[in-house]
Amino acid sequence: MVDQHSTLRARRRAQTRRMIQGHAVRLFAERGYDATTVNDVAEAAGVSPMTVYRHFPTKEDLVLVDQRGELVAARIAASPAEQLLARRIGDALVDTAATLTGDDDGRAFLLTRLRLMVSTPALRARHLDNQYALQQAIIDALGADATDPEAAFRAEAAAGACLSALHTALVRWAEDDGRGELPGLVTKALTAVFGEDVFGGEGSSARQPSHGEAPGLVPR
């Protein structure tokens, strides 16, 4: 019974967060980020400013907070451990992009958030913090052994490179007003970085490293 109550509370909390963020993103897009206050968001959502801050500690969080970290980490954790690091991370990023743009509402919401991030200096600055948090979630999901400096370094390098490719794809998608499919654009960016041996199109398998090669590094 306790678990059921906890699950119900978590579900209601998530619904409240989505509702507040939906109103916030809509108001920021209509009125401008700087011209919209947290009190404005609270009034539109029908909650108190304290409730907004309970779910989103800063105004920037109203735009930047999302479920990418959880989605990406879950997909990485379920991927084959013998795959190249870049492929495990990249596939998770592509799958997550597909999930977030899987319906018209999700696609429009993500596009609006990206436009705000690209056009608002305060959000661009905070975006770096979010990227670092996502990178750490990826490293944790990979299960990189912190006691092995080389393994940890390879995981950090692969995650950083994949996230740079993702960022490039997201910005291009936003600049193109969401035309085209985001998962395909993410794959294209990853292929530009790692080559077709790793990301040679949908369904292609990554070449396993030979003896002496570091997992996650792509021979050029």
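As a basis for the values below, the full set of heavy atoms in this structure was taken, side chains included, without hydrogen atoms, waters or symmetry mates. This is a predicted model, so every value here is computed, not measured.
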### Residues Arg126, Asp129: salt bridge by 4.0 Å N-O rule
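Looking at Arg126 and Asp129, the cut-off is met.
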### Task
Answer yes or no: is there an ion pair linking Glu82 with Arg87, defined by an N-O contact shorter than 4.0 Å?
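So Glu82 does not pair with Arg87 through a salt bridge.
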For [X] against [Y], the heavy-atom pair lying closest together:
| X | Y | answer |
| --- | --- | --- |
| Leu142 | Ala155 | CD1-CB, 4.0 Å |
| Arg68 | Thr96 | CG-CG2, 4.2 Å |
| Thr187 | Val94 | OG1-CG2, 3.4 Å |
| Ala73 | Ala141 | O-CB, 3.6 Å |
| Ile76 | Ala92 | CG1-CB, 3.6 Å |

### Query
Counting distance only, does the side-chain N/O of Asp40 pair as donor-acceptor with the main-chain N or O of Thr37 below 3.5 Å?
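Yes: the side chain of Asp40 pairs with the backbone of Thr37.
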### Query
Taking the side chain from Gln135 and the backbone from Glu156, do they hold a donor-acceptor pair closer than 3.5 Å?
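Between the backbone of Glu156 and the side chain of Gln135 there is a qualifying donor-acceptor contact (under 3.5 Å).
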Can a side-chain donor-acceptor contact be found between [Y] and [X] if the only test is distance below 3.5 angstrom?
| X | Y | answer |
| --- | --- | --- |
| Thr99 | Arg75 | yes |
| Arg88 | Ser79 | yes |
| His23 | Arg26 | yes |

### Task
Scan Val63, Val118, Leu62 and name whichever one has a side chain to side chain contact (heavy atoms under 4.5 Å, CB included) with Leu123.
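The side chain to side chain contact (heavy atoms under 4.5 Å, CB included) with Leu123 is passed solely by Val63 among Val63, Val118, Leu62.
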### Query
Testing Leu111, Leu166, Leu100, Thr101 for side chain to side chain contact (heavy atoms under 4.5 Å, CB included) with Leu182, which one passes?
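It is Thr101; the other options fail the test.
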#### Entry: Test side chain to side chain contact (heavy atoms under 4.5 Å, CB included) applied to Gln21 and His55, step by step
CA-CA 9 Å; Gln21 189 176 38; His55 290 276; over 6 Å; no
### Query
How many angstroms lie between CZ in Arg12 and OG1 in Thr16, if you round to the nearest 0.5 Å?
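Nearest 0.5 Å value for the CZ-OG1 distance: 9.5 Å.
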#### Entry: Residues which pass side chain to side chain contact (heavy atoms under 4.5 Å, CB included) with Glu70, listed by chain and number, not counting sequence neighbours
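For Glu70 there are no side chain to side chain contact (heavy atoms under 4.5 Å, CB included) partners, ignoring immediate neighbours.
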